[in-house]
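Below: one structure, written as C-alpha cells.
Naming: A, B, ... by sequence-line order, numbering from 1 per chain. Computed from a predicted model, the values in this text were never measured in an experiment.
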Amino acid sequence: MINATLTEEEVGRLDRQIRVWGFEAQQRLGTATEVIKNIVLSGVGRLVIMDGDEVIEEDLGSGFFFRDEDVGKKRVDAAKDRIESLNPLVTVETITAFDGLEGPGFDATIRGVDLVCVTDWDRDGLIRINEACRRQGKPFYAGGTYGVLGYIFCDLLKHDYVAPHDRSVPKEAQKNIKLSATYPPLSDALTHRWSSLTKRQTKDLNPAVVFAILALWEHQKVLGQLPTGPDDVAELESMANAMISAADVKKQVLETIPSDLIQTLSETARTEFSPVCAIVGGMLAQDILKTLAARDPPIANFFTFDGNTGAGTVCRMSMP
Amino acid sequence: MSTAKARTAHAKAILGPVLHQRLAETKVLLVGAGGIGCELLKNIVLTGFGKITLLDLDTIDLSNLNRQFLFRKKDVKQSKALVAAQTAAPFNPNVQITPIYGNIKEPQYDLEWFQQFDIVLNALDNLDARRHVNKMCIAAQIPLVESGTAGYMGQVQPIIKDRTECFDCVTKATPTTFPVCTIRSTPSQPIHCIVWSKSYLMGQLFGEDEDAVGELDEAEKQGENAQEIATLRREAQAFQAVRKALRSSTAAGAAKLVFQKVFDADVRNLLIMSDMWRARAPPVPLDFDAILDGTFVLRTGEPAATDTAPSNGKVNGVSKTANAAASGSKAPVNGVASIDAGSSAPAAGSGLKDQKQLSLKDNVLLFVSSTERLAARLQAGEDTITFDKDDDDGLDFVTATSNLRSAAYGIAEKTRWQVKEMAGNIIPAIATTNAIVSGLIVLQALQILRKSYTKLRNVHLTVKPAVPLSTSTMCPPNRSCGVCRDTYAKILCDPKRARLGDVVKGLLGDDEREISVYEDKRILSDPDWEDNYERTLESLNVSRGMFLTIVDEEGEWGTVSVGLGVLPADHPADAPPFILPDPLPRPPRRVKAPLPAPETPPPLPLKRRAPDDEGGDDDIIDLEPTPKRPKLKAADEGIKSPSKKRRLDEDGLILMEGKDDVLDDDIIVID
C-alpha cells in the first residue's frame, strides 16, 4: 500500500523497518485479532504470527477471522487466508510450533524481526520475552484485556523519534525536532513507586485500574490462574491493597482498591469483549506504527484502559 | 444461527444475562459504513446487537480499502452498506443486518421511521448529515451516540434529549479565518497564499461574478486601511478585464494577461503603499518573460532557481514518509485516487510530480497550462469552476499561483501534494483512530441501553501523553439550543391536499398566540403575512420528512417543530387530509436567560494570525466565497429565522474522507 507515491529506495528502507512479529497464546485472541487487522491494513511489509492453539467456540465472540466450522482447527491456519485478503501487499507468515520461550531458537526468531508484540500473556512470560528482546535489541510491546479493562506495556529500549516541537503553533510554522526516550524493562517497571506524584497527578492516572491489572498478574503468578469467580474476590483484593501500599500511592487518592471493581473483575477477568479489544488493539497497533515510523512520542510506558468509562491513561513506570 | 453455543459466553459474562438477552432484540440504526462504520459494524455484530440496520449513500472507492476492512478490490463501485453487511454477517450468524443503499436525508426516513429503533449510532464524516441525524433523533426521542475522527483525534458523544447536550448545543468550530489584509496584501505563511489562491483568485477568475466591491465596502466600514481598500477596489475592477479574456474564444494570451495583472501590476500597486512595508519585507513583482527565458532574478544575491526550494525539504520528505507508514493512508490514497479518476498520468509519475519542489519557471509553466485548461472548460460551457481538491486543473492552478505568490513574498513554497493537503484540508484518515472510536461508541451505547445515565461520558481521543483517552461527564442541554430545546411532534398528512392554514390552526388548537411558521430556513407565514395559509403544503414544497416550525412572535414560548409523516393507507378519503398529534404540542414558557449567550463564541484555539500583523487585526473577515453553502429554495430568500440563520453560519469543520463531504471547501486548516 505504501509504494504508490514513494520511490523504490524509500520503499526498500521502509520494508526493513516494518517486519513485525506478533504472537499470542492461551485462551484469548481478541486483542491480537484487532492488532493484526490494523497492522496488516497499515501496509507493514511482513507479519509473523505465532500461535499454537486451536480455535474454540469462545474465540468466535471476538475473533472475526473465524467461523463456526473453524472450531478445532489451528487458529493461524484458520485465519491466514482471511488475514491476507485484508491487504495483498503484506506477507503473512504463521508459526504453529511453539518450543518454549527459552533457548537459542527463540532468540533466533526474534533476531529476524524489527519489533515484537505479545498479547494476553502472563507476567512472568512477558518478563522473559522482554528480556529476550533486550538481548537482541528489539522493541517490545505487550497488551491485553481482562473483561472491560485493558493494558499496553512497552519497552522500546532507547527510542529516537521526531515530533513537532510545539503543537500550539500553526502547522506551517512547526518544526520537527529529534527526541529520545529511554525505557526500562518490565521487571524494572514493576518496582515503580508513586511517591513523587502529587495528589492530582496520581488521580489523573486512574490508579485503581492500574493496580487492578497488576493484582491480576500477581494472582495469576501465585495461584496459577486468573480469578474464576466470587471465591477469588478476597485474595485478589488483598493482593491489590498490598501492592497499592507497597507502591506508596497517595492515600487520599487510593488507599484500597474499590470493592465493586474487584468483584466485577473476579467474574470477568478471563473474558474478552469485542469493543474493548477494538480499543486496546487500536491503541496498540497505532503505537507500534508510531514506533516503527520513529515519529511522534510512543506510549511511555504503561497504558491502562477502563471500559466502565472509556478513560485511557498512561503511567510512567520507573521512567523519569 | 450459529451452532457454537459458547460463542456468546464472554459477552454474556460481561453484560449480564438480562442485558445480553435484551441486546438480541435491540434494534439499532448505524448511519455510515465508511471508516468508522466498518469498524463499528464489526463490533456491534460481535457484541450481539440483534437487529442492525446499516445505511450509507456511498459506493466503495479504491482509496477506501486501506482502512475500511470489510471491503475488497472486487467490491469497488458497489454499495458500501450492502458489501459491509455481506462481509460482516458471518462474524456472528445470530444477528440480522439490514443494509440500505441510500441517503439518510431522503424523505422516507422520517420521524416515524426513526422511531422504530432503540438506539442510533452515527459513523458519519460530514457535519451536515451528523446534524440531520441529531435533529431526527432529538425529534424522535431516540438516543444517539455521535462520533467523529480527524487524524489521531476523535470523539464520542452520547446524546439523549433533555438529559444531555445535543450535537448542536455547542457551537462547532468555525472555519479558520484570516484578516483580509493578510490574505490580500501581506501574507506571511504558505497557507495565506493558498487561501488567497483557492478562495480569492480562483473565485475572481473562474467563479461567479461576485460583488467584490461590496465586500470591500464592508471591510472599510470595519476599519481596514482606507488606502489599501482603494487599491483593492481598483484591483477588483481590473479583474473584469481578465475575466473577459479568459472567456473569449481567442484566449491564447489570457494566461499571460492574468499573470501580468496578478503577479506584476497588483504587486506594484501594493508597493506604492510604503507604510505597509516599513516593518515588512516588500514583495517582488514577477516578470513573466524573464522567468521563462531564465534571466529573472527574484532577489539580489539569490539566484531564482535555488531560492524556490526551501531548505527544510529533506526533513519534510522524511517525515512524510514516516507519516505515510504510520497512517498507512496518505500516500496510497493519492496514488490510487488518481488512477481511479482516470488521470492520464501514470500513478507513479503523478506521485513523483506531487512531491517535487517546483522551480519558479516550473510554476509559471504550470500556471500557464492550468489556466489554459480552466479557460478551455469555461469556453466549453462550464459556468463557474470552484476549487475541488480532486480536480487536477484546479489543484495545478492553486499550486502554481500560491507558489508564485509565495515566491514574490519570500515565503517557502509547497509541493503539489502539500498544497492538496492544505487546500483540501485532507487530514489523513487513520484506521486505528476509527477502530478505537468505534469501540468507545459501543461502550457508551451499552450504558444507554442499561439506562446507567450517570455513567455516560464524552470521550476524547487526544495526543496528550498521560491521557490519550480523556473523559468528561455529560453537560445538560444548552438552554438556547435551536435544535433540542424545541418541542417536537409528528403530524401525518397528505401534502397535496393539506393547506398550511388548516394544519397550523389545527396544531395551535385554542392557542391564539401570534406566531410565524418556517420550514427549515424558509419563512412560510408571520402574523402580518398569512398569504400562504390557503396554499397546500405541496405547493409550498413542504413534504414528508420536513418540519414545520412554529415560532412564538413574542419569544415568550418555546418553539414547536412538527415532523411531517404520511397518512396511513386506510385513512378515509373524506376525512381531513391530516392527523394531528394527540395531545397537541404545547411548548414550555421560555426561561429568560439573565444574559444572552454570545451569538458565536470566538473559536480562540483555531484563530490565528501572522506574528507580523499589526493594526486592524481585530477585524477578521471570512474570505470564503462559500460556493457550497445551502441555497434557499423559495422566493423568500431574504427572510430567515434568526436562530436557524445562526446555525447555518456556524457550519464548522470536521473532516475528512468521502467524496460527498460537501463541507470540504469551507475548511481551511486544522492543527
Side-chain angles (χ1 to χ4, degrees), chain A residues 1-2 4-6 10 14 18 34 37-38 41-43 56-58 60-62 64 67-68 71 85-86 147-148 162 167 170-173 176 204-205 267-268 271-276 278-279 281-283 285-286 289-290 292-295 297 300 303 305 307-314, chain B residues 2-11 13-14 39 42-43 46-47 66-67 69 72 90-91 93 156 189-191 315 319 321-326 328 331-332 334-336 347 351 354-355 431-432 435-436 438-440 442-444 455 457 459 463 465-471 608 669 671:
Chain A
M1 304 295 278
I2 283 166
T5 58
L6 299 179
E10 284 168 325
L14 275 174
I18 55 188
E34 291 286 342
K37 174 204 68 190
N38 295 332
L41 285 175
S42 80
I56 58 170
E57 287 190 359
E58 284 84 348
L60 300 171
S62 293
F64 52 84
R67 307 288 177 264
D68 282 18
V71 172
S85 77
L86 287 176
V148 298
V162 293
R167 285 190 185 275
K171 206 152 132 192
E172 308 76 46
N176 287 318
D204 284 349
L205 294 182
E267 304 272 358
T268 59
T271 67
E272 60 183 354
F273 195 38
S274 156
V276 178
I279 294 160
M283 294 291 296
Q286 186 163 300
L289 295 169
K290 278 183 185 171
L292 291 171
R295 173 155 181 92
F303 166 85
F305 176 71
N308 296 299
T309 60
T313 52
V314 177
Chain B
S2 173
T3 51
K5 287 209 172 61
R7 165 191 284 279
T8 59
H10 288 181
I14 286 173
E39 292 285 335
K42 173 252 301 167
N43 291 345
L46 290 172
T47 305
N66 66 346
R67 60 190 176 281
F69 80 107
R72 303 287 176 270
F91 295 177
V156 171
Q189 293 174 20
I191 187 69
V315 175
S319 67
T321 305
N323 198 26
N334 278 351
V336 171
D354 269 3
Q355 304 211 13
T432 47
I436 296 162
S438 74
L440 294 168
V442 180
L443 295 179
Q444 295 304 320
K455 290 187 177 168
R457 294 290 184 276
V459 188
V463 290
V467 195
L469 297 172
S470 77
T471 57
R608 71 170 75 107
V669 100
D671 286 320

Atom pair CD1 (B:I436) and CG (A:N38), whose distance is rounded to the nearest 0.5 Å: 8.0 Å
Quick check: do A:F273 and B:L443 have side-chain heavy atoms less than 4.5 Å from each other? yes
Do you know the tightest heavy-atom contact between B:F69 and A:L41? CB-CD1, 3.7 Å
Applying side-chain contact (heavy atoms from CB on, under 4.5 Å), name anything that partners A:S62, two or more places apart in sequence or on another chain. A:E272, A:S274, A:C277
Looking at A:G61, A:G281, A:G147, which makes the most heavy-atom pairs under 4.5 Å with chain B? A:G61
Let me know if B:V467 has heavy atoms under 4.5 Å from chain A in its side chain, its backbone, both or neither. both
Shorter than 4.5 Å, heavy atoms on both sides: which option in A:G282, A:G307, A:G312 has the most such pairs with chain B? A:G312
Between B:R457, B:K455, B:E39, B:K42, who has the most heavy-atom pairs with chain A when the cutoff is under 4.5 Å? B:K42
A:I279 side chain reached by B:L440 side chain, heavy atoms, under 4.5 Å: yes
Run B:T432 and A:M283 through side-chain contact (heavy atoms from CB on, under 4.5 Å) and show every step you take. CA-CA 7 Å; B:T432 47; A:M283 294 291 296; over 6 Å; no
Examine whether an atom of B:P90 lies under 4.5 Å from a heavy atom of chain A, and if so say whether it belongs to the side chain, the backbone or both; otherwise answer neither. both
Side chain proximity check, B:T47 to A:P275, heavy atoms < 4.5 angstrom: yes
Non-hydrogen atoms of chain A under 4.5 Å away: do they reach the side chain of B:A9, the backbone, both or neither? side chain
Segment of B:T3 engaging chain A (4.5 angstrom heavy-atom cut-off): both
What residues form a ring-ring contact (aromatic ring centres under 6.0 Å, His included) with A:F303, not counting sequence neighbours? none
Of all heavy-atom pairs between B:A6 and A:E57, which one has the smallest distance, and what is that distance? N-OE1, 2.8 Å
Indicate yes or no for a side-chain donor-acceptor contact from B:Q444 to the backbone of A:T309 under 3.5 Å, with no hydrogens or angles considered. yes
So does A:S85 get a backbone contact from the side chain of B:R72, meaning a donor-acceptor N/O pair under 3.5 Å? yes
Point-to-point distance, once rounded to the nearest 0.5 Å, from CD1 of B:I14 to OG1 of A:T271: 3.0 Å
Between A:D68 and B:S2, is any side-chain donor less than 3.5 angstrom from a side-chain acceptor? yes
Which pair of non-hydrogen atoms, one from B:G439 and one from A:A278, has the smallest distance, and what is that distance? CA-CB, 4.3 Å
Which residue out of B:P468, B:S470, B:P93, B:A435 racks up the most heavy-atom pairs below 4.5 Å with chain A? B:P468
Quick check: do B:N43 and A:E34 have side-chain heavy atoms less than 4.5 Å from each other? yes
Would you check if A:E58 and B:R7 make a side-chain contact, meaning some heavy-atom pair closer than 4.5 Å? no
Counting heavy-atom pairs under 4.5 angstrom with chain A, the leader among B:T8, B:V442, B:L46 is B:L46
